[in-house]
Amino acid sequence: MFKKIKKISIIGSTGSIGSQGLEVVRNNPEMKVETLAAKSNIKELEKQIREFKPKKVCVFEEDKALELKHKVKDLDVGVLYGMDGLIECACDNDSEYLLSAVVGMIGILPTLWAIKSQKKIALANKETLVCAGHIIMPLAKEKNVPILPVDSEHSAIFQSLNGERENKIKKIILTCSGGPFRGYSLKDLEKVTVGDALKHPNWNMGKKITVDSATLVNKGLEVMEASWLFDTCYKDIEVMIHPESVIHSAVQFEDNAVIAQMGVPDMKLPIQYALTYPKRLPMKENELDLFELGSLTFEKPDIKVFKGLGLAFYAMEKGGNVPAVYNAANEIAVGKFLDGKIGFLDIPDMIEKCIEKMPFIANPSVDDILGVMEEAKEYIGK
Ligand code: NDP
Ligand code: MG
């Protein structure tokens, strides 16, 4: 039988999600990559170009793009650069899907333009909804574009809602591994190093999200993301620590039935599901063995110790540009922490300081949101 080829653009293809997205494509002959984009890792991008033969790529940094252009001059591939190039790759005419797998607020504009160009969005880049959910969600509705969650918790909620669209959500239960510092006191956290923070117990991810998982800021960002994706007030989203990361999240309905999605912690499943929804395709590896696990455990998060999570709820209560300020301050602070310039506990402190100081905007435009990053740098230093 003739199968339609699924054409996909991937921005952030050299990262953790991007490279797992390419693994999904590699395992599915009915998928084809049309465009790829990265920031500067041209060594990996060249390998990807030679294997997946996209017609266009973007390297954000211009000098790296020129270098890559020279390296792949034997191939028929266009090499673009900068935000214009990133947007062109995200909106490629032939692609049906955009897998948005860049890290940080840089994802907002290409995703916005891809929605305008009516691409289906497989969304890993949570910062887009955190900062601009009030613009992205109505636009997606207007353009009749699905936003298909890739984040494992949101994919689990999405799967738990299959066939339930008419039923009211009573509560979303957002699971959280607890990260490498689960059970630590504030005193313990004073001493942790970058190396400690990068050792996530269950997931192998990019550096920024790994640190976010250690501070629990990632969970704060995910509550915001879930609130936009599933049109649910943050007050009805409960964070539950579940160290085994097997229940990826759950929905409780009004009759108190709780529907959850389970699986081994591997991002390939949510990536593939976003690209094949509503169909499920076979997955070679990672069958869940509940007998081997034996038991599953649950705890409440400690927001006195993990202040970043509490601040996320505060940011949602304030609304307007405050979630964007929370996100921007975190991006800057995590960068500083990874560079060894600040301590682990300075991350939530910097977020708090930034939220206190930055002027409130009730209904921020895209420009206001992008401006937040520059302004936040003024307040907490580059
Ligand atoms: P990584 O740091 O591993 O990868 C980031 C990717 O984005 C790289 O390809 C990087 O390119 C690219 N990139 C960064 N800046 C730019 C830019 N200016 N222009 C073009 N490309 C750029 O991140 P992850 O894959 O871990 O995370 C990606 C997103 O997915 C994040 O928003 C994260 O929160 C979310 N997510 C990740 C999960 C995971 O398991 N990793 C799980 C759930 C969500 P280069 O390599 O050249 O620097
Ligand atoms: Mg997640």
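For ligands, and for the atoms within them, numbers begin at 1 and follow the listed sequence. Along the sequence shown, residues carry numbers from 1.
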Enquirer: Examine ligand 1 and decide if any of its atoms is less than 4.0 Å from a heavy atom belonging to Val103.
Expert: yes

Enquirer: Looking only at N, O or S atoms, find the one in Glu222 nearest to the Mg ion (ligand 2) and name it.
Expert: OE2

Enquirer: Set out, in order, the CA-CA distance, both residues' side-chain angles and the distance that settles side-chain hydrogen bond (donor to acceptor under 3.5 Å, both in side chains) for Asn167 and Glu254, then state yes or no.
Expert: CA-CA 8 Å; Asn167 290 319; Glu254 287 193 297; over 6 Å; no

Enquirer: If you have a sec, work out which protein heavy atom is nearest atom 28 (C) of ligand 1 and how many Å separate them, to one decimal?
Expert: Ala101 O, 3.3 Å

Enquirer: What I want to check is whether the side chains of Asn162 and Gln159 have a donor and an acceptor closer together than 3.5 Å.
Expert: no

Enquirer: Determine, for Glu374 against Lys377, whether the closest basic-nitrogen to carboxylate-oxygen distance falls under 4.0 angstrom.
Expert: yes

Enquirer: Any idea which atoms of ligand 1 are less than 4.0 Å away from a heavy-atom of Gly12?
Expert: 6 (C), 7 (O), 9 (O), 12 (C)

Enquirer: Going by the side chain to side chain contact (heavy atoms under 4.5 Å, CB included) test, name the single residue among Ile11, Ile147, Ile108, Val150 that passes it with Ser100.
Expert: Ile11

Enquirer: My understanding is that we take every heavy atom of each candidate and find the minimum distance to atom 43 (C) of ligand 1. Doing that for Asp151, Asn125, Val130, Asp212, which one comes out nearest?
Expert: Asp151

Enquirer: Considering only protein heavy atoms, which is closest to atom 33 (C) of ligand 1, and at what distance to one decimal place?
Expert: Ile209 CD1, 3.9 Å

Enquirer: If we only count N/O pairs under 3.5 Å, is Gln20 in contact with ligand 1?
Expert: no

Enquirer: Taking the N/O/S atoms of Asp151 one by one, which is nearest to the Mg ion (ligand 2)?
Expert: OD1

Enquirer: Nearest to atom 3 (O) of ligand 1, what protein heavy atom do you find, and at what distance?
Expert: Ser16 N, 2.9 Å

Enquirer: Honestly curious: do Ile17 and Met283 fall in one hydrophobic cluster under the side-chain, below-4.5 Å linking rule?
Expert: no

Enquirer: Any carboxylate oxygen within less than 4.0 angstrom of a Lys/Arg side-chain nitrogen, looking at Asp302 and Lys304?
Expert: no

Enquirer: Considering Gly107, Gly18, Ala124, Gly206, which one's heavy-atom position lies nearest to atom 2 (O) of ligand 1?
Expert: Gly206

Enquirer: Hey, does the side chain of Asp289 reach the backbone of Glu292 with a donor-acceptor pair shorter than 3.5 angstrom?
Expert: yes

Enquirer: Could you find the nearest protein heavy atom to atom 34 (O) of ligand 1 and give me its residue, atom name and distance?
Expert: Lys126 CE, 3.2 Å

Enquirer: Tell me, which protein residue and heavy-atom name are nearest atom 16 (C) of ligand 1, and how many Å apart are they?
Expert: Lys39 CB, 3.4 Å

Enquirer: Are Gln118 and Asn144 linked by a side-chain donor-acceptor pair shorter than 3.5 Å?
Expert: no

Enquirer: Could you pull out, from Val150, Thr14, Ile271, the option with a heavy atom nearest to atom 9 (O) of ligand 1?
Expert: Thr14

Enquirer: Using a strict cut-off of 4.0 Å, indicate which atoms of ligand 1 neighbour a heavy atom of Glu127.
Expert: 31 (C), 32 (O)

Enquirer: Which label fits Phe158 and Tyr273: parallel for a plane angle under 30°, tilted from 30 to 60°, or perpendicular past 60°?
Expert: perpendicular

Enquirer: Identify the closest protein heavy atom to atom 40 (O) of ligand 1: which residue and atom is it, and at what distance?
Expert: Met205 CG, 3.2 Å

Enquirer: Which residue, Glu222, His154, Glu225, forms the side-chain hydrogen bond (donor to acceptor under 3.5 Å, both in side chains) with Lys126?
Expert: Glu222

Enquirer: What is the nearest protein non-hydrogen atom to atom 4 (O) of ligand 1, stated with its residue, atom name and distance?
Expert: Gly15 CA, 3.2 Å

Enquirer: Going by heavy atoms, is Lys208 under 4.0 Å from ligand 1?
Expert: no

Enquirer: Specify the protein heavy atom at minimum distance from atom 38 (C) of ligand 1: its residue, its atom name, and the distance to 0.1 Å.
Expert: Ile17 CD1, 3.5 Å

Enquirer: Give the contacting part of Val102 toward ligand 1: side chain, backbone, both or neither, where contact means a heavy-atom distance below 4.0 Å.
Expert: both

Enquirer: Of all the N, O or S atoms in Glu153, which one sits nearest to the Mg ion (ligand 2)?
Expert: OE1

Enquirer: Could you measure the distance from the CD atom of Glu352 to the NZ atom of Lys357? Nearest 0.5 Å is fine.
Expert: 12.0 Å

Enquirer: Determine the interplanar angle of the Phe181 and Phe344 rings, folded into 0 to 90°, and report it as parallel if under 30°, tilted if 30 to 60°, perpendicular if over 60°.
Expert: perpendicular

